[in-house]
A.B. asks: 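Please read through the structure below; I'll follow up with questions.
If you're wondering where the values come from, they're calculated on a predicted model, not measured in any experiment. Chain naming here is simple, since letters A, B, ... match the order of the sequence lines and numbering starts at 1 in each.
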There are 2 protein chains.
Amino acid sequence: MKVLIVDDEKLIRDVIKEYCFESKYEVIEAENGLEAINKAGEADVIIMDIMMPKMDGFSAYKIIKEKYNIPTIMLSARGEEYDKLAGFDLGIDDYVTKPFSPKELMARINAVVKRYKKEEEVFVYEDFKVDFLGHSVYINDKEICLTPKEYDLLVYFINNKGIALSREQLLNNIWNYDYLGNDRTVDTHIKMLRNNLGKYRNLIITVRGMGYKFEIKN
Amino acid sequence: MKVLIVDDEKLIRDVIKEYCFESKYEVIEAENGLEAINKAGEADVIIMDIMMPKMDGFSAYKIIKEKYNIPTIMLSARGEEYDKLAGFDLGIDDYVTKPFSPKELMARINAVVKRYKKEEEVFVYEDFKVDFLGHSVYINDKEICLTPKEYDLLVYFINNKGIALSREQLLNNIWNYDYLGNDRTVDTHIKMLRNNLGKYRNLIITVRGMGYKFEIKN
DNA sequence: CTAAATTATGAATATTTTGTGAAATATTTT
DNA sequence: AAAATATTTCACAAAATATTCATAATTTAG
């Protein structure tokens, strides 16, 4: 489990880091929102201050959220009730008020991590929804029927968001390891998946000379 | 599922309401304990602030509890530890401390609902009814005779509503030990169960390439 | 702009998966 | 032990899905 600690004060980062180590979390650090965005990909949980130079916590959170689905706890100065509400609205998972008790912070991190593991059962983007448990896909609450291969493809894409995948890679991972098939087979399945995705067909992007990737556009 | 939100601050009610909608709960609102008492009858879960004008949460809870048996989560101001203890004594199901994370609140609501549901002894959908205590199944008040395996299958499906279950998973869970049987066995039982379910046969959905799932269509 | 390379697509064909009836076994009840 | 019930197996039909391939459309390099 990797925790990304984002705060401009080294002292605070160090205190949190210390406690994270005790709870067996690995730690990555960032000094501001910009750095956080770059490092978010590696993290399982983010603890982020709101007030930081270069880019504040909320702005960073908004950007990170579009790309990843990482539980985030915000550190706010005492009494910023307005911030708190605004943040919850954005989807922030929890708040800890400065000065905080490290024990409370760790309790909240643990709670959030635990909760998230359970919530990792759906993927949602606008009104496009994939229910991994039910193996079903919805657009506008209307179920979209995918064939097994199409569904597997979609899930693989979602789990590799933003990464360009070669046809070979797709064949190896979704078909059996030593599949001796035609490359065009992938294209055909992509075509069918795209058709079924309707207005979301362009979530699957052609990477010329390379393969395909799944990406949430901004 | 209807959630009764009781708080004198509209802002807080609105935040909770928003999240409830996302989780597909219906919402009823009340501004104080007195109103809550009047509206409690319609609710399946109650979320109630303690400090409210006219009538506080505890007093309202006591009265509601005499009449109904509705799971209740209390919202308390930070640090009112005494209240917390008193509340659990009264039979409150859970506590959330203000200011709270809506995600945490929803997680707790879901937990309470789930717990409460488990204690249910019947499953009802339209005129399809399963009486877990009596091990019997009715359609239109007419009893449907299922074999033990069929009944076990049905109960397992109901307890895993909306979740796609592989044949292997079904074999492992309904056929005790590691059963070394034919996959087609499951199909045969599904067939017979479906036949017995008559017009409700399509509650059991085939998940191609995967298995089956039990789902209430909307 | 053209040729070459790459990708998209429709349709025919092959393959896989599921539904089902009937027979064979196994288990429980009488 | 016989009868009644349940369970399992199996083969084949039916349905759904996967693959191939020819051709069209698109992009890129020169």
A.B. asks: Reckon A:Tyr212 has a side-chain N or O less than 4.0 Å from the OP1 or OP2 of C:dT6?
C.D. replies: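 A:Tyr212 to C:dT6 OP1/OP2: no side-chain N or O under 4.0 Å.
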A.B. asks: Could you tell me whether B:Arg167 contacts a base, only the sugar-phosphate backbone, or nothing, with contacts defined as non-hydrogen atoms closer than 4.0 Å?
C.D. replies: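 Since only primed, P, OP1 and OP2 atoms lie under 4.0 Å of B:Arg167, the category is sugar-phosphate.
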A.B. asks: In whole angstrom, what separates A:Met210's CE from D:dT28's P?
C.D. replies: 16 Å
A.B. asks: Roughly how many Å is it from CG in B:Leu165 to P in C:dT18, rounded to a whole number?
C.D. replies: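 Result: 14 Å.
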A.B. asks: Is the phosphate of D:dT20, meaning OP1 or OP2, less than 4.0 Å from a side-chain N or O of A:Thr188?
C.D. replies: no
A.B. asks: Rounded off to whole Å, could you give me the CD1-to-P distance for the B:Ile174 and D:dT7 pair?
C.D. replies: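 That distance rounds to 12 Å.
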A.B. asks: According to a strict under-4.0 Å criterion, is A:Tyr151 in side-chain N/O contact with OP1 or OP2 of D:dA16?
C.D. replies: no
A.B. asks: Please figure out whether A:Arg208 or A:Asn195 has its closest DNA chain C nucleotide nearer the 5' end.
C.D. replies: A:Arg208
A.B. asks: Of B:Lys191 and B:Pro148, whose nearest nucleotide on DNA chain D comes first from the 5' end?
C.D. replies: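 Nearest nucleotide further toward 5': that of B:Pro148.
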A.B. asks: Just the rounded figure in Å: distance from P of C:dT18 to CG of B:Leu170.
C.D. replies: 12 Å
A.B. asks: Nearest 0.5 Å, what's the CD1-CG distance between A:Ile50 and A:Asp7?
C.D. replies: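 One finds 11.0 Å between CD1 of A:Ile50 and CG of A:Asp7.
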A.B. asks: Between D:dT9 and B:Thr185, is there an OP1 or OP2 to side-chain N/O distance shorter than 4.0 Å?
C.D. replies: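 For D:dT9, OP1 or OP2 has a side-chain N or O of B:Thr185 closer than 4.0 Å.
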A.B. asks: In whole angstrom, what separates A:Arg201's CZ from C:dT7's C1'?
C.D. replies: 13 Å
A.B. asks: Classify the ring geometry between A:Tyr125 and A:Tyr200 as parallel (under 30°), tilted (30 to 60°) or perpendicular (over 60°).
C.D. replies: perpendicular
A.B. asks: Using whole Å, what does the distance between atom P of nucleotide C:dT9 and atom CG of A:Asp187 come to?
C.D. replies: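 Computing the A:Asp187:CG to C:dT9:P distance gives 10 Å.
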A.B. asks: Charged N to carboxylate O below 4.0 Å: is that the case for B:Lys213 and A:Asp131?
C.D. replies: no
A.B. asks: So, OP1 or OP2 of D:dT8: does either fall under 4.0 Å of a side-chain N or O from B:Trp175?
C.D. replies: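 True: B:Trp175 side-chain N/O within range (under 4.0 Å) of D:dT8 OP1/OP2.
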A.B. asks: For a quick test of reading the model: is some side-chain N or O of A:Arg184 closer than 4.0 Å to OP1 or OP2 of C:dT9?
C.D. replies: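 Checking A:Arg184 against C:dT9: no side-chain N or O falls below 4.0 Å of OP1 or OP2.
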A.B. asks: Provide, to the nearest angstrom, the distance between the CG atom belonging to B:Asp183 and the C1' atom belonging to C:dG19.
C.D. replies: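 Nearest whole value for this atom pair: 14 Å.
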A.B. asks: If you measure from the Lys or Arg side-chain nitrogens to the Asp or Glu carboxylate oxygens, is any gap between A:Asp127 and A:Lys199 under 4.0 Å?
C.D. replies: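 Yes, this pair counts.
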A.B. asks: Using a 4.0 Å heavy-atom cut-off, does B:Lys149 contact any base of the nucleic acid, only the sugar-phosphate backbone, or nothing at all?
C.D. replies: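 Answer is sugar-phosphate: B:Lys149 comes under 4.0 Å of backbone atoms only.
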A.B. asks: Starting at CD of B:Glu150 and ending at P of C:dT27, how long is that distance when rounded to a whole Å?
C.D. replies: 18 Å
A.B. asks: With respect to the phosphate group of C:dG19, does any side-chain polar atom (N or O) of B:Arg194 fall under 4.0 Å of OP1 or OP2?
C.D. replies: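 For B:Arg194, the contact criterion (side-chain N or O under 4.0 Å from OP1 or OP2 of C:dG19) is met.
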A.B. asks: For C:dT29, give its Watson-Crick or G-U wobble partner with both distances under 3.5 Å, or none.
C.D. replies: D:dA2
A.B. asks: In plain terms, say whether A:Arg167 and A:Asp187 are close enough for a salt bridge, that is, a side-chain N and a carboxylate O under 4.0 Å apart.
C.D. replies: yes
